[in-house]
Amino acid sequence: MQVRTSYTRLLVTDLKACFAFYRDILEFKVIVDATQEGYAEFAAGDMKLAISQRQEMAEIIGSDRLPLHAECQDRAVLVFVVADIETVCHELKQKGIKFTRELMSNPSYDLKTAYIRDPDGNLIGIYQYMI
């Protein structure tokens, strides 16, 4: 099977809050604002990030009768590489973002990392290469 990357889509329950988070907090450029219809797209560096209503996808694939929330460990993480992680972390703190995991060095992988969550609880990793 041959594939090419199209975009990553997050299924969210609070589309408006997530839209504002990615637009205003992470400052991603809005490509599509169809929030009234339950969809939005952003340019996130060299990738496209989309968000849409979780309920709509659940109805499409027939999983809308399953529980919306279950306590479990994270199953996915959005990862963004930045040039200056200290500055990015400082800017996010200034915007009131609470960190899931504060800035740390990971010499085994030559990375500095920090983790935050969007309003829907999706885990976001921010990385800087130490090399």
Side-chain angles (χ1 to χ4, degrees):
M1 174 170 74
Q2 285 189 318
V3 298
R4 62 183 176 88
T5 303
S6 179
Y7 57 89
T8 298
R9 183 188 305 177
L10 293 177
L11 305 175
V12 301
T13 54
D14 191 340
L15 186 74
K16 289 183 181 182
C18 288
F19 180 82
F21 175 83
Y22 289 103
R23 181 194 62 201
D24 301 337
I25 302 298
L26 296 188
E27 299 180 4
F28 291 165
K29 180 183 175 195
V30 176
I31 299 171
V32 175
D33 179 357
T35 50
Q36 297 295 357
E37 293 80 36
Y39 184 81
E41 286 181 10
F42 301 89
D46 58 354
M47 71 174 266
K48 203 173 6 173
L49 174 66
I51 58 174
S52 65
Q53 290 288 6
R54 180 179 287 171
Q55 183 64 27
E56 181 180 349
M57 182 59 71
E59 290 169 4
I60 290 170
I61 65 170
S63 64
D64 52 324
R65 292 191 177 116
L66 298 174
L68 183 60
H69 296 287
E71 192 168 321
C72 65
Q73 295 180 357
D74 294 296
R75 298 189 70 164
V77 59
L78 287 175
V79 178
F80 300 108
V81 177
V82 298
D84 182 353
I85 196 165
E86 285 89 0
T87 299
V88 169
C89 288
H90 175 75
E91 290 171 352
L92 291 171
K93 285 180 182 179
Q94 294 295 87
K95 294 178 179 180
I97 297 300
K98 303 228 183 290
F99 284 74
T100 302
R101 177 75 162 136
E102 292 284 339
L103 181 60
M104 62 182 178
S105 291
N106 188 336
S108 299
Y109 295 101
D110 291 325
L111 295 171
K112 292 181 183 179
T113 61
Y115 293 91
I116 62 174
R117 292 190 183 275
D118 73 8
D120 239 48
N122 294 302
L123 187 61
I124 299 170
I126 305 164
Y127 290 61
Q128 176 186 335
Y129 294 107
M130 294 193 312
I131 300 173

Check the pair Y22, D118 against side-chain contact (heavy atoms from CB on, under 4.5 Å), reporting the backbone distance first and the verdict last.
CA-CA 8 Å; Y22 289 103; D118 73 8; 2.8 Å; yes
Nearest heavy atoms of P119 and A17, plus distance in Å:
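That closest heavy-atom pairing would be CG-O, 3.6 Å.
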What do the steps show when you test I116 against F21 for side-chain contact (heavy atoms from CB on, under 4.5 Å), and what is the final call?
CA-CA 12 Å; I116 62 174; F21 175 83; 3.9 Å; yes
Out of curiosity, does Y115 fall in the hydrophobic cluster containing I25 (side-chain heavy atoms, cut-off under 4.5 Å, transitive links)?
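As far as the 4.5 Å side-chain criterion goes, Y115 and I25 are not connected within one cluster.
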Kindly compute the distance separating CD (E56) from CG (L11), expressed to the nearest 0.5 Å.
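Going from the CD atom of E56 to the CG atom of L11 covers 9.5 Å.
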Residue pair F28, V30: steps toward the side-chain contact (heavy atoms from CB on, under 4.5 Å) verdict:
CA-CA 6 Å; F28 291 165; V30 176; over 6 Å; no
Going from CG on L15 to CD on Q55, what distance comes out if it is rounded to the nearest 0.5 angstrom?
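L15 CG to Q55 CD: 13.5 Å, rounded to 0.5 Å.
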Pair up each side-chain donor or acceptor in residues 98-105 with any protein partner under 3.5 Å, not counting sequence neighbours, and list the distances.
unit_1, atom_1, unit_2, atom_2, d
E102, OE1, K93, NZ, 2.9

Could you give me the CA-CA distance, side-chain angles and deciding distance for Y129 and D110, then say whether side chain to side chain donor-acceptor pair (under 3.5 Å) is met?
CA-CA 6 Å; Y129 294 107; D110 291 325; over 6 Å; no
Taking F19 as the starting point, is it possible to reach I97 by hopping between hydrophobic residues whose side chains are less than 4.5 Å apart?
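Hydrophobic grouping puts I97 with F19.
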Using the rule that Ile, Leu, Val, Met, Phe, Trp and Tyr join whenever any side-chain heavy atoms are under 4.5 Å apart, tell me whether L10 and L26 fall into a single cluster.
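Yes.
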NZ/K95: more than 12 non-hydrogen atoms of other groups inside 6.0 Å
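Yes.
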Quick one: NE2 on H90 to CD on Q94, what's the gap to the nearest 0.5 Å?
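So the NE2 of H90 and the CD of Q94 are separated by 4.0 Å.
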Got a second to check how far R23's CZ is from C18's SG, nearest 0.5 Å?
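Here the rounded value is 12.5 Å.
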Name every donor-acceptor pair, under 3.5 Å, that has one atom in a side chain of residues 40-53 and the other anywhere in the protein, sequence neighbours excluded.
unit_1, atom_1, unit_2, atom_2, d
E41, OE2, Y39, OH, 2.4

Take Y127 and V79 through the test side-chain contact (heavy atoms from CB on, under 4.5 Å) and record every step on the way to the result.
CA-CA 7 Å; Y127 290 61; V79 178; 3.5 Å; yes
Under 3.5 Å, side chain of D33 to main-chain N/O of T35, donor-acceptor pair present?
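Judged by distance alone, yes, a pair lies under 3.5 Å.
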Can you name the side-chain hydrogen bond (donor to acceptor under 3.5 Å, both in side chains) partners of Q128, sequence neighbours left out?
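Q128 satisfies side-chain hydrogen bond (donor to acceptor under 3.5 Å, both in side chains) with no other residue.
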Residues T13 and D120: side-chain donor-acceptor under 3.5 angstrom
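On atom types as modelled, these side chains qualify, holding a pair under 3.5 Å.
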Do I126 and V81 touch side chain to side chain, with heavy atoms closer than 4.5 Å?
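No, their side chains stay 4.5 Å or more apart.
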State, with a plain yes or no, whether a side-chain heavy atom of L78 is found less than 4.5 Å away from one of T8.
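Side-chain contact under 4.5 Å: yes.
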